[in-house]
Amino acid sequence: MNSISRILRTAVAGLITIFITNVVSAETLILNAQYSIPVTSNEELAVNTFDLANYQVNIESDSQALMSFDLPEDMTGVRGQKLKFALKGKLADGTKILSSRNGKAICKGLWVNMECSFVFKNINTNERELKKIVKAKMPAHELEMRLKLLKSFSNDPIGVAKVWK
């Protein structure tokens with residue numbers, strides 16, 4: 001009976017150690033990020049960048065992480081559109097590959113200071129709301145340029161996010 005008791009205690013202690021190690025190693029990073037839509041002229045640089053709200057990375061381990069953020073309403077016309085991307089792998093140079101039903105991200109650098117190239121899919125847009133939002137926020141001389149750029153984004157949703165602490 002003593003040996004069974006010792007085996008059970010050892011097993012329980014091992015499970016507790018594994019649980020504590022996993023809980024302690026998990027980390028949530030709250031970061032800043034800006035997303036830029038590719039442009040074809042220098043003039044468009046004034047209207048191609050958006051702040052990503054609620055940007056965070058939940059790191060479970062070196063091979064498990066979840067990046068999430070809200071797409072700006074003034075980029076899609078849709079409020080509260082949260083996107084999540086799971087870490088799928090890392091290349092030898094540290095480049096991170098993330099994906100989800102909303103697309104794919106290729107990220108270079110540390111979690112707290114990186115640049116990610118995104119190809120989005122399944123992004124909700126509301127063109128009528130977007131026009132109202134942009135019209136209320138932008139001066140007239142930038143309005144048409146921003147709307148043209150956002151129309152391009154809705155047809156080809158690609159861009160780059162810069163992340164920092």
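All residue numbers in this chain count up from 1 along the given sequence. Values reported hereafter were calculated over all heavy atoms of this structure, with side chains retained and with hydrogens, waters and symmetry mates removed. Just so you know, these numbers come straight off a predicted model, no measurement behind them.
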Hey, what do you get for CG (L52) to CE (M75), rounding to the nearest 0.5 Å?
7.0 Å
Taking the side chain as C-beta and beyond, is there a heavy-atom pair between N54 and K82 under 4.5 Å?
yes
Qualifying residues under salt bridge (Lys or Arg N to Asp or Glu O under 4.0 Å), relative to K135, sequence neighbours excluded
none
Taking atom OG of S63 and atom NZ of K96, what is their separation to the nearest 0.5 Å?
13.0 Å
I need the full list of ring-ring contact (aromatic ring centres under 6.0 Å, His included) pairs touching residues 44-68, with sequence neighbours left out, sorted by first then second residue.
Y55-F69
Test item: L147 and M145 side chains (from C-beta on) under 4.5 Å apart, heavy atoms:
no
Closest contact, heavy atoms only, M67 versus F118:
CE-CZ, 3.8 Å
Non-neighbouring partners of K88 that pass salt bridge (Lys or Arg N to Asp or Glu O under 4.0 Å), sequence neighbours left out
none
Same cluster (ILVMFWY, side-chain, under 4.5 Å), I123 and I133:
no
Test T76 against T125 for side chain to side chain donor-acceptor pair (under 3.5 Å), laying out the working first.
CA-CA 5 Å; T76 62; T125 58; over 6 Å; no
With the 4.5 Å side-chain cut-off for hydrophobic clustering, are V160 and L150 part of the same group?
no
Could you report the tightest heavy-atom contact between I158 and P38, atom names first, then the distance?
O-CD, 3.3 Å
Would F120 and V39 show up in the same hydrophobic cluster when neighbours are defined by side-chain heavy atoms closer than 4.5 Å?
yes
Side-chain heavy-atom pair V112, W164 within 4.5 angstrom cut-off:
no
Note, I97 side chain near K90 side chain (heavy atom, < 4.5 Å)
no
Test your reading of the model: is there a side-chain donor-acceptor pair from N126 to the backbone of V78, 3.5 Å cut-off?
no
Pairwise distance CG(N102) to CG(N122) - rounded to 0.5 angstrom
6.0 Å
Shortest non-hydrogen contact from D62 toward L87:
O-CD2, 3.8 Å
Could you tell me whether the side chain of S100 reaches within less than 4.5 Å of the side chain of L83, counting heavy atoms only?
no
Determine, using the 4.5 Å side-chain heavy-atom cutoff (strictly less than), whether L143 and I37 are members of one ILVMFWY cluster.
yes
Less than 4.5 Å apart, any side-chain heavy atom of L98 and any of C107?
yes
Shortest non-hydrogen separation from W111 to V57 and the atoms involved
CE3-CG1, 3.6 Å
Inter- and intrachain pairs under salt bridge (Lys or Arg N to Asp or Glu O under 4.0 Å), touching residues 151-165, at least two apart:
E115-K162, E127-K151
Does anything in residues 28-49 pair up under salt bridge (Lys or Arg N to Asp or Glu O under 4.0 Å), and if so which pairs, sequence neighbours excluded?
none
Check this for me, if you would: do R79 and D70 make a salt bridge, where the nitrogen-to-carboxylate-oxygen distance has to be below 4.0 angstrom?
no
What distance separates L130 CG from S154 OG, expressed to the nearest 0.5 Å?
8.5 Å
Are M138 and L45 connected in a single hydrophobic cluster, I mean Ile/Leu/Val/Met/Phe/Trp/Tyr linked by side-chain heavy atoms less than 4.5 Å apart?
yes
Close side-chain approach of K108 to M114, heavy-atom, < 4.5 Å
no
Sequence-distant partners of K137, salt bridge (Lys or Arg N to Asp or Glu O under 4.0 Å), two or more places apart:
D74
Do the non-hydrogen side-chain atoms of V163 and N32 ever get within less than 4.5 Å of each other?
no
Within the distance-only criterion (no hydrogens, no angle test), does the side chain of Q81 pair as donor or acceptor with the backbone N or O of N124 below 3.5 angstrom?
yes
